[in-house]
Structure formats: structure tokens, C-alpha cells
Amino acid sequence: RRFVKKSLGISTGILAGLSFEHQALLAQLVDRSNYGKVQEPVKGLQKGKFGELEVSRLIIGGNLISGSAHAGDLVYQSALMTHYFTDEKIMETWALAEQNGINTSLMRADPHIARNYKAFLKRGGKLHWIAQSAPEQGDPVENAKMARDNGAYAVYYHGGRCDGKVNEGKIDEVGEILEGMKKTGVFSGLGGHRLETIKASEQAGLNPDFYMYTVNKVGYLSSDPDQIESFMKTVRQPWIAFKVLGAGREKKAQEGFRHAFERGADFIAVGMFDWQVRDDTALVQEMLAKGIQRQRPWRS
């Protein structure tokens with residue numbers, strides 16, 4: 001018993017000098033008592049209007065499922081995600097999302113996602129699908145049709161491609177793609193990582209149905225937060241924020257989530273493992289229930 005007390009004392013001292021991330025990791029090594037325990041689902045996750053839908057303020061992202069998660073210079077991360085997210089694990093993760101009040105997923109418009117999404121619906125799942133155009137699938141308008149035909153409610157033009165077009169002065173081409181997507185009958189948006197992309201769209205009067213746009217505290221593929229907040233106040237379309245944790249660079253999820261909402265995001269899309277779903281949902285539900293100080297009106 002004296003040995004245990006001494007060990008715990010040393011552990012406490014060590015923890016005090018470590019980062020939050022390392023504290024959390026070491027704490028799990030010391031105490032595994034909660035592993036495998038089933039927690040009550042989160043109740044009352046807030047929603048907002050998104051076209052004709054009521055969409056949960058927290059949207060589960062699809063990068064992990066697609067094996068395209070960001071992990072710095074790790075060369076094996078894509079293969080790791082692909083092996084972890086088997087078809088059955090995907091079904092389990094989406095079911096957990098629904099149990100905790102998340103009613104929407106944001107995923108690529110590709111055959112892998114379409115196949116799994118249709119299988120989930122057949123099982124009785126009801127997640128809405130917001131689709132990202134997939135560059136390797138070719139024409140983004142044809143890609144939007146594929147997403148629509150497989151159950152997607154909305155589609156947006158890939159952020160990297162949209163940034164590139166704007167940077168090349170081809171905003172007219174972005175407008176043509178957007179109009180083509182709208183003609184397919186889906187709720188149609190534009191993605192971007194640069195504030196210049198959103199500004200160009202607004203100045204050209206493209207009028208997307210929504211924006212998918214990055215914001216985070218750590219400057220990862222995101223513009224200056226003050227400039228984002230100032231400009232996005234003027235934008236009337238719903239805004240889904242992504243990369244809100246800077247691809248893992250923001251160590252405290254609650255701070256990344258709050259930052260995005262405070263800067264004006266109406267929804268946040270977050271990639272989650274099954275074991276993160278409930279905790280992330282609880283964070284969002286609680287912070288929104290307590291109130292968010294923001295200059296931009298909720299656009300949904």
C-alpha cells in the first residue's frame with residue numbers, strides 16, 4: 001500500500017509538468033477503470049436549419065472513414081485508418097453518432113462511401129449525408145449527381161479545388177460548377193481554406209446555398225481568425241466549419257469547438273473515432289446550452 005501511494009504521488013508530480021495531451025495519455029495508463037463501460041447517450045444536442053433539414057450543430061466528418069486523416073509526417077496513417085474502419089466499424093460509429101443526437105455526416109462522394117451509406121440506411125439508419133465532391137471522380141457536377149442518386153442531401157465543391165480556381169482568377173468557372181450542381185437538385189455549396197475564396201464568391205454574387213470553410217486557433221490551413229470573424233459577419237449563408245482542431249494540432253477539443261462557434265460557424269464538422277463520439281457530443285451540447293458569445297447571427 002505504501003508503494004502504491006508513493007507511485008501515485010510520483011505520477012501526480014510527473015503529470016503536473018506535462019502537456020494536457022501527455023497528461024491525458026499517462027492518466028489512461030494509470031487508470032483503465034472506465035474502459036469498456038457503456039455511458040448513457042447525450043440528450044438534447046442542438047440543431048439548426050440547413051435548407052429544408054434540421055441538422056445537428058455537430059456533424060460527424062468522414063476523413064477517418066475514408067483513410068484520409070491528417071497526421072503530420074506519419075507514413076502509415078492512411079493504411080491504419082483504412083484497416084480500423086472496416087464496414088462494420090463504420091456502421092457502429094454512425095449508430096453511436098445517431099444515439100447521441102448527431103443526425104448528419106459529411107463525407108466524400110465516392111463509391112466506398114456510397115456503398116456504406118446505402119447499407120446503413122438499409123439497417124434503419126437515418127443520418128443525412130452532406131457530400132464533398134471527390135476530385136478523382138472527375139467532373140464535379142457528375143459527381144454531385146452520383147451523390148444525389150445515392151441519397152446525399154447536399155454537395156459542395158471541394159475546398160482545395162475551389163481555392164485553386166480562385167487563386168488562378170477563374171471564379172467564373174467556380175460559378176459554372178456551382179450552377180451545374182444546383183441543377184442536379186441538391187443543396188449546393190462551396191468549400192475553401194482561404195478567406196479570399198469566400199470573398200471572391202461573395203463579390204462575384206455566386207450565391208451558394210452554404211459554405212464549407214476552415215477556422216481554427218492554430219493557423220492550420222486557415223486564415224487569420226479576426227479577419228474571418230469580421231468578414232463572415234456579412235455572409236448570410238449557413239457556414240459549416242471544418243479543421244476546427246487543426247488536424248490534431250489543437251490539443252483541447254472544447255477550445256477548438258468553442259473558437260469555431262464564437263467566430264461565427266453555424267455547424268462544425270469533426271472527424272471522430274467511435275470512442276470519441278459521446279465525449280465530443282457532450283462538449284458541444286453543454287457549451288451551446290450555456291451560450292456562445294458571437295458577433296455573427298446564427299444563419300440557420
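Values in this document were obtained by computation on a predicted structure and should not be read as measured data.
- Of the charged side-chain nitrogens involved, none lies within less than 4.0 Å of a carboxylate oxygen, so that Lys199 and Glu202 do not count as a salt-bridged pair.
- Using a 4.5 Å heavy-atom threshold, the side chains of His112 and Ile65 count as touching.
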Applying side-chain contact (heavy atoms from CB on, under 4.5 Å), run through Met232 and Arg263 and close with a yes or a no. CA-CA 8 Å; Met232 292 305 288; Arg263 295 297 182 171; over 6 Å; no
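- Residues Ile198 and Leu178 share a single hydrophobic cluster, defined by chaining ILVMFWY side chains whose heavy atoms lie under 4.5 Å apart.
- Arg236 and Asn207 form a side-chain donor-acceptor contact under 3.5 Å, judged by distance and modelled atom types alone.
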May I have the step-by-step check of side-chain contact (heavy atoms from CB on, under 4.5 Å) for Val244 and Val270, ending in yes or no? CA-CA 7 Å; Val244 299; Val270 181; 4.0 Å; yes
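- To the nearest 0.5 Å, atoms NZ (Lys243) and CD (Glu250) are separated by 15.5 Å.
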Side chain to side chain donor-acceptor pair (under 3.5 Å) between Asp274 and Tyr84, worked out: CA-CA 11 Å; Asp274 47 321; Tyr84 182 81; 2.6 Å; yes
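- Between Phe273 and Met81 the shortest heavy-atom distance is CZ-SD, 3.6 Å.
- Here the closest heavy-atom approach between residue Glu196 and residue Val166 is recorded as O-CG1, 4.0 Å.
- Judged by the 6.0 Å and 45° rule, Arg278 forms no cation-pi pair with Trp275.
- Taking the side chain as every heavy atom from C-beta outward, Phe50 and Phe210 approach each other to under 4.5 Å.
- The SG atom of Cys162 sits 12.0 Å away from the OH atom of Tyr213 when rounded to the nearest 0.5 Å.
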Run the side-chain contact (heavy atoms from CB on, under 4.5 Å) test on Lys251 and Leu245 for me, step by step, so that the C-alpha distance in whole Å, both residues' side-chain angles and the decisive distance to 0.1 Å come before the verdict. CA-CA 8 Å; Lys251 304 306 181 186; Leu245 300 181; over 6 Å; no
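- Using a distance-only test at 3.5 Å, with no hydrogens or angles considered, a donor-acceptor pair links the side chain of Arg148 to the main chain of Thr184.
- The backbone N or O of Lys89 sits less than 3.5 Å from a side-chain atom of Thr93, completing a donor-acceptor pair.
- Remark: side-chain polar atoms of Arg161 are not paired, donor with acceptor, to backbone N or O of His158 under 3.5 angstrom.
- Within the model, atoms CE of Met107 and CD1 of Ile90 stand 9.0 Å from one another, a figure rounded to the nearest 0.5 Å.
- To the nearest 0.5 Å, atoms OG1 (Thr214) and CD1 (Ile228) are separated by 6.0 Å.
- Within a 6.0 Å sphere centred on NZ of Lys49, other residues, nucleotides and ligands contribute more than 12 heavy atoms.
- One N or O on the side chain of Thr234 and one on the backbone of Phe231 form a donor-acceptor pair closer than 3.5 Å.
- What you find for Val218 and Gly246 is that their closest heavy atoms are CG2-CA, 3.8 Å.
- Phe85 and Ile60 end up in different hydrophobic clusters when Ile, Leu, Val, Met, Phe, Trp and Tyr side chains are linked at under 4.5 Å.
- The hydrophobic clustering, which links ILVMFWY residues whose side-chain heavy atoms are closer than 4.5 Å, places Phe257 and Trp298 together.
- Of all non-hydrogen atoms in Trp94 and Ser105, the two that sit nearest each other are NE1-OG, 4.1 Å.
- Annotation: side chain of Met212 is not in contact with side chain of Gln132 (no heavy-atom distance under 4.5 Å).
- With rounding to the nearest 0.5 Å, the separation of CZ in Arg108 from CD in Glu136 is 4.0 Å.
- Two residues are said to be in side-chain contact when any heavy atoms from C-beta on lie closer than 4.5 Å; Asp279 and Met272 fail this criterion.
- Residues Ser188 and Pro208 have side chains not in contact (no heavy-atom distance under 4.5 Å, counting atoms from C-beta outward).
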Give the intermediate values and the outcome of salt bridge (Lys or Arg N to Asp or Glu O under 4.0 Å) for residues Glu88 and Arg123. CA-CA 12 Å; Glu88 195 57 38; Arg123 292 189 181 198; 2.9 Å; yes
Any chance you could lay out the salt bridge (Lys or Arg N to Asp or Glu O under 4.0 Å) test for Arg258 and Glu255, step after step, and finish with the verdict? CA-CA 5 Å; Arg258 179 176 294 279; Glu255 292 190 8; over 6 Å; no
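- Of the possible polar contacts, one joining the Tyr117 side chain to the Leu127 backbone as a donor-acceptor pair under 3.5 Å is found.
- Here Tyr211 and Tyr156 keep their ring centres 6.0 angstrom or further from each other.
- No donor-acceptor pair under 3.5 Å is formed between the side chain of Asp209 and the backbone N or O of Gly189.
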Tabulate below the donor-acceptor pairs under 3.5 Å that side-chain atoms of residues 283-292 make, not counting sequence neighbours, or state none.
unit_1 : atom_1 : unit_2 : atom_2 : d
Glu286 : OE2    : Lys290 : NZ     : 3.0

Output, in order, the C-alpha distance, side-chain angles, deciding distance and verdict of side-chain contact (heavy atoms from CB on, under 4.5 Å) for Thr104 and Tyr153. CA-CA 10 Å; Thr104 303; Tyr153 171 76; over 6 Å; no
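- A distance of 3.5 Å separates OG1 in Thr197 from CG in Asp163, rounded to the nearest 0.5 Å.
- Side-chain contact between Leu45 and Asn100 is absent, with no heavy-atom pair separated by less than 4.5 Å.
- Side-chain atoms of Asn143 and Ser133 include no donor-acceptor pair closer than 3.5 Å.
- Here the side chains of Ile268 and Ile59 are not in contact, with every heavy-atom distance at 4.5 Å or above.
- Linking ILVMFWY residues whenever their side-chain heavy atoms come closer than 4.5 Å, directly or via other members, leaves Ile130 and Val155 in distinct clusters.
- The cluster map of Ile, Leu, Val, Met, Phe, Trp and Tyr, joined by side-chain heavy atoms under 4.5 Å apart, puts Val141 and Leu206 in different clusters.
- For the pair Asn103 (side chain) and Glu54 (backbone), a donor-acceptor distance under 3.5 Å is present.
- Summarising the geometry of Phe267 relative to Val55, their closest heavy-atom pair is CE2-O, 3.3 Å, with the distance given to 0.1 Å.
- For Arg294, the CZ atom is densely surrounded, since the number of other residues' heavy atoms within 6.0 Å is greater than 12.
- In this structure, the side chains of Trp129 and Ile113 come closer than 4.5 Å at one or more pairs of heavy atoms.
- When all heavy atoms are compared, the tightest approach of Gly271 to Leu64 is C-CD1, 3.8 Å.
- In this structure, Gln46 contributes its side chain and Ser56 its backbone to no donor-acceptor pair below 3.5 Å.
- The pair Glu173-Lys165 counts as a salt bridge, with a side-chain nitrogen and a carboxylate oxygen less than 4.0 angstrom apart.
- Tested against Asp266, the residues Arg296, Arg57, Gln237 include a single side-chain hydrogen bond (donor to acceptor under 3.5 Å, both in side chains) partner, Arg296.
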